[in-house]
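Input: a single structure, listed below in structure tokens.
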There are 2 protein chains.
Amino acid sequence: MTETAAPGRVLPHPDRTEIRLEGVLHALSDPVRLHIVRELATAADELSCSRFDLPVTKSTTTHHFRVLRESGVIRQCYRGTAKLSGLRRDDLDDLFPGLLDALLTAADGQYARLGDDV
Amino acid sequence: MTETAAPGRVLPHPDRTEIRLEGVLHALSDPVRLHIVRELATAADELSCSRFDLPVTKSTTTHHFRVLRESGVIRQCYRGTAKLSGLRRDDLDDLFPGLLDALLTAADGQYARLGDDV
DNA sequence: CTACTTGTACGATAGACCTCGTAGTACGAG
DNA sequence: CTCGTACTACGAGGTCTATCGTACAAGTAG
């Protein structure tokens, strides 16, 4: 079995209409989460949580991914023991045109200036 | 005359190079502050704090304006008893091109959709 | 000077948030 | 079935935040 939905392990996501700008901004105002989003943006596919090298424990990582999911920034699904995460580009671009790109560009610029990763 | 805590009435602002994206996003993730920024964006000039009709007390208003100033989103100066506030458009556009416009557009769209003012 | 307007400082409180450790669940491999 | 991997749930600690009330300072008008 490869592409069928995982049994019983469904993660709650906000509907597109429930995504709030304030929630998105709050989610991205944390350096760890901003780093996650930046990596997701550069990745073509969805990534599993373990692919990230974050300066926090696994518990905290779980917390940050949940904040991102519940604010509508990322979409998550299970595949085996892994949990794949991907940006909700379509929804965000539809709700807030140009915002995600501007944010990613801003983050790129800041990291290029300050080199203060994560 | 006692000049106890009156050091010329100058307000501390972060330098342009000290403005952090995370701080800006955090500042704008509060509904009250987002509302303030939206009003400042539509106003041509600087506005005094009392021009805003916010659902919080004066103490809390002072707090929110300070958060906006210390994060680098607004610039403030005294004129008489009034304190004028204005967006730091030049600095923000230079640091994060397109971000402020995208944020304001996103906020406009959300308020148009949800009508959930402040 | 006095009174009023505008905004600040300080303390307090309640809630949210980030972080962690530990214990536990779901899944795949052997 | 047993084991290891990947992730979660829960609770706790410490910090930050939003809000308020009250008392106060700076400036202007009378």
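Convention: sequence-line order gives letters A, B, ...; per-chain numbering from 1.
One atom, CG of Leu68(A), and another, C1' of dC7(D), lie 16 Å apart when rounded to the nearest Å. Arg51(A) places its CZ atom 11 Å from the P atom of dC7(D), with the value rounded to the nearest Å. Regarding Gln76(B), its CD atom lies at a distance of 18 Å from the P atom of dA26(D), rounded to whole Å. One interatomic measurement links the two molecules: CD of Glu70(A) to P of dC18(C), which rounds to 12 Å at whole-angstrom precision. In this structure, CZ of Arg69(A) is placed 13 Å from P of dC7(D), rounded to the nearest angstrom. Taking atom CG of residue Asp53(B) and atom C1' of nucleotide dT6(C), one finds them 16 Å apart after rounding to whole Å. A straight line from CG of Leu84(A) to P of dA6(D) spans 13 Å, rounded to a whole angstrom. Rounded to whole Å, the distance from OH on Tyr78(A) to P on dG28(C) is 13 Å.
Residue-level contact check: Arg66(B) touches the backbone only, with heavy atoms under 4.0 Å from sugar-phosphate atoms and none from bases. Within 4.0 Å of Phe65(B), counting heavy atoms only, lies no atom of the nucleic acid at all. If you check every strand for non-hydrogen atoms under 4.0 Å, Ser48(B) touches sugar and phosphate atoms only.
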Give every pair of a protein N or O atom and an N or O atom of nucleotides 16-22 of chain D that lie under 3.5 Å apart, one pair per line with the distance.
| from | atom 1 | to | atom 2 | distance (Å) |
| --- | --- | --- | --- | --- |
| dA18(D) | OP1 | Arg33(B) | NH1 | 3.2 |
| dA18(D) | OP1 | Arg33(B) | NH2 | 2.7 |
| dA18(D) | OP2 | Arg33(B) | NH1 | 3.3 |
| dA18(D) | OP2 | His63(B) | NE2 | 2.8 |
| dT19(D) | OP2 | His64(B) | NE2 | 2.3 |
| dC20(D) | OP2 | Thr57(B) | N | 2.8 |
| dC20(D) | OP2 | Thr57(B) | OG1 | 3.4 |
| dC20(D) | OP2 | Thr60(B) | OG1 | 3.1 |
| dG21(D) | N7 | Ser59(B) | OG | 3.4 |
| dG21(D) | O6 | Ser59(B) | OG | 2.7 |
| dT22(D) | O4 | Ser59(B) | OG | 3.2 |

Got a list of protein N/O to nucleotides 2-5 of chain D N/O distances below 3.5 Å?
none

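The closest donor-acceptor contact from the side chain of Arg69(A) to the backbone of Pro12(A) lies under 3.5 Å. Remark: side-chain polar atoms of Glu18(B) are paired, donor with acceptor, to backbone N or O of Asp15(B) under 3.5 angstrom. Side chain of His13(A) to backbone of Gly72(A): no donor-acceptor contact under 3.5 angstrom is found.
By the side-chain contact (heavy atoms from CB on, under 4.5 Å) test, Asp91(A) is found to be paired with Arg16(A), Ile19(A), Arg75(A), Arg88(A), residues two or more places apart in sequence or in another chain being considered. In this view, Thr60(A) and Val56(A), Thr57(A), His64(A) satisfy the side-chain contact (heavy atoms from CB on, under 4.5 Å) rule, not counting sequence neighbours. With sequence neighbours excluded, the residues forming a side-chain hydrogen bond (donor to acceptor under 3.5 Å, both in side chains) with Ser48(A) are Ser50(A), listed by chain and number.
Each of dA9(C), dC7(D), dG7(C) was ranked by its minimum atom distance to the side chain of Ser50(B); first place goes to dG7(C).
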For residues 100-108 of chain A, which side-chain donor-acceptor pairs fall under 3.5 Å, sequence neighbours excluded?
| from | atom 1 | to | atom 2 | distance (Å) |
| --- | --- | --- | --- | --- |
| Thr105(A) | OG1 | Asp101(A) | O | 2.8 |
| Asp108(A) | OD1 | Arg38(A) | NH1 | 2.3 |

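Glu22(A) and His26(A) share no side-chain donor-acceptor pair at under 3.5 Å. For the 3.5 Å distance criterion, the side chains of Glu46(B) and Ser85(B) fail to qualify, holding no donor opposite an acceptor.
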